[in-house]
Amino acid sequence: MYLVNEHRQVQASIKEQEAVLPPQFYRLHRSYFVNCGYVAKIERYRLTLITGDELPVPKMRDTQIRSEIAGIIESKGKRE
């Protein structure tokens with residue numbers, strides 16, 4: 001698990017993690033989730049975090065993923 005200031009080993013499967021993560025976490029890929037509160041930019045086939053790290057967006061689901069993440073970010077902004 002990569003956090004803003006650290007890296008932690010987690011002894012749970014990604015499926016188990018999915019069940020306990022808050023709704024602002026989005027399963028971007030088979031291997032990882034992204035906290036939508038830390039997304040700085042969404043581009044075609046790429047997502048950039050506020051740390052500057054870039055994550056690949058699967059080409060087959062690019063439009064769907066960008067739309068869903070934008071929806072999560074927008075709904076978070078409405079709640080604040």
Side-chain angles (χ1 to χ4, degrees):
M1 180 178 290
Y2 290 92
L3 306 170
V4 173
N5 294 322
E6 65 183 287
H7 176 230
R8 289 187 190 175
Q9 271 308 100
V10 177
Q11 298 298 320
S13 72
I14 197 150
K15 194 75 168 165
E16 292 169 326
Q17 288 295 308
E18 187 171 22
V20 297
L21 287 172
Q24 76 262 19
F25 283 84
Y26 182 83
R27 190 163 187 176
L28 183 63
H29 189 273
R30 284 180 25 191
S31 304
Y32 46 84
F33 291 88
V34 63
N35 182 338
C36 294
Y38 288 84
V39 173
K41 184 169 41 171
I42 306 170
E43 299 174 296
R44 188 169 194 152
Y45 312 134
R46 180 177 46 207
L47 183 143
T48 305
L49 301 174
I50 61 171
T51 61
D53 293 318
E54 293 183 347
L55 302 173
V57 174
K59 291 180 178 165
M60 297 295 287
R61 295 182 50 231
D62 178 67
T63 303
Q64 173 193 359
I65 288 170
R66 287 189 293 147
S67 174
E68 290 175 357
I69 289 176
I72 292 169
I73 292 169
E74 184 179 306
S75 69
K76 183 180 182 262
K78 289 179 182 177
R79 286 182 279 175
E80 293 177 349

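Note that the structure is predicted; figures quoted are calculated from it, not measured.
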Measuring from [X]:[atom1] to [Y]:[atom2], what's the distance to the nearest 0.5 Å?
{"X": "Met60", "Y": "Thr63", "atom1": "CE", "atom2": "OG1", "result": "11.0 Å"}
{"X": "Cys36", "Y": "Glu74", "atom1": "SG", "atom2": "CD", "result": "12.5 Å"}
{"X": "Tyr38", "Y": "Leu49", "atom1": "OH", "atom2": "CG", "result": "10.5 Å"}

Residues which pass ring pair (Phe, Tyr, Trp, His ring centres under 6.0 Å) with Tyr32, listed by chain and number, not counting sequence neighbours
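Checked Tyr32 against ring pair (Phe, Tyr, Trp, His ring centres under 6.0 Å); matches are His29.
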
Heavy-atom pair with the smallest gap, counting every atom of [X] and [Y]:
{"X": "Arg66", "Y": "Glu43", "result": "CD-O, 3.5 Å"}
{"X": "Ile65", "Y": "Pro58", "result": "CD1-CD, 3.7 Å"}
{"X": "Glu54", "Y": "Arg46", "result": "OE1-CD, 3.1 Å"}

Heavy-atom check, side chain of [X] versus side chain of [Y], under 4.5 Å:
{"X": "Ile72", "Y": "Phe25", "result": "no"}
{"X": "Ile69", "Y": "Leu28", "result": "yes"}
{"X": "Ile14", "Y": "Arg30", "result": "no"}

Mind checking side chain to side chain contact (heavy atoms under 4.5 Å, CB included) for Ala12 and listing every partner two or more places apart, or none if nothing turns up?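 Side chain to side chain contact (heavy atoms under 4.5 Å, CB included) check on Ala12 returns Val10, Glu16, Gln17.
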
Q) With distance as the sole test, does Asp62 use its side chain to make a donor-acceptor pair with the main-chain N or O of Tyr45 at under 3.5 Å? A)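 Yes, the answer is positive, given that a donor and an acceptor are paired below the 3.5 Å cut-off.
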
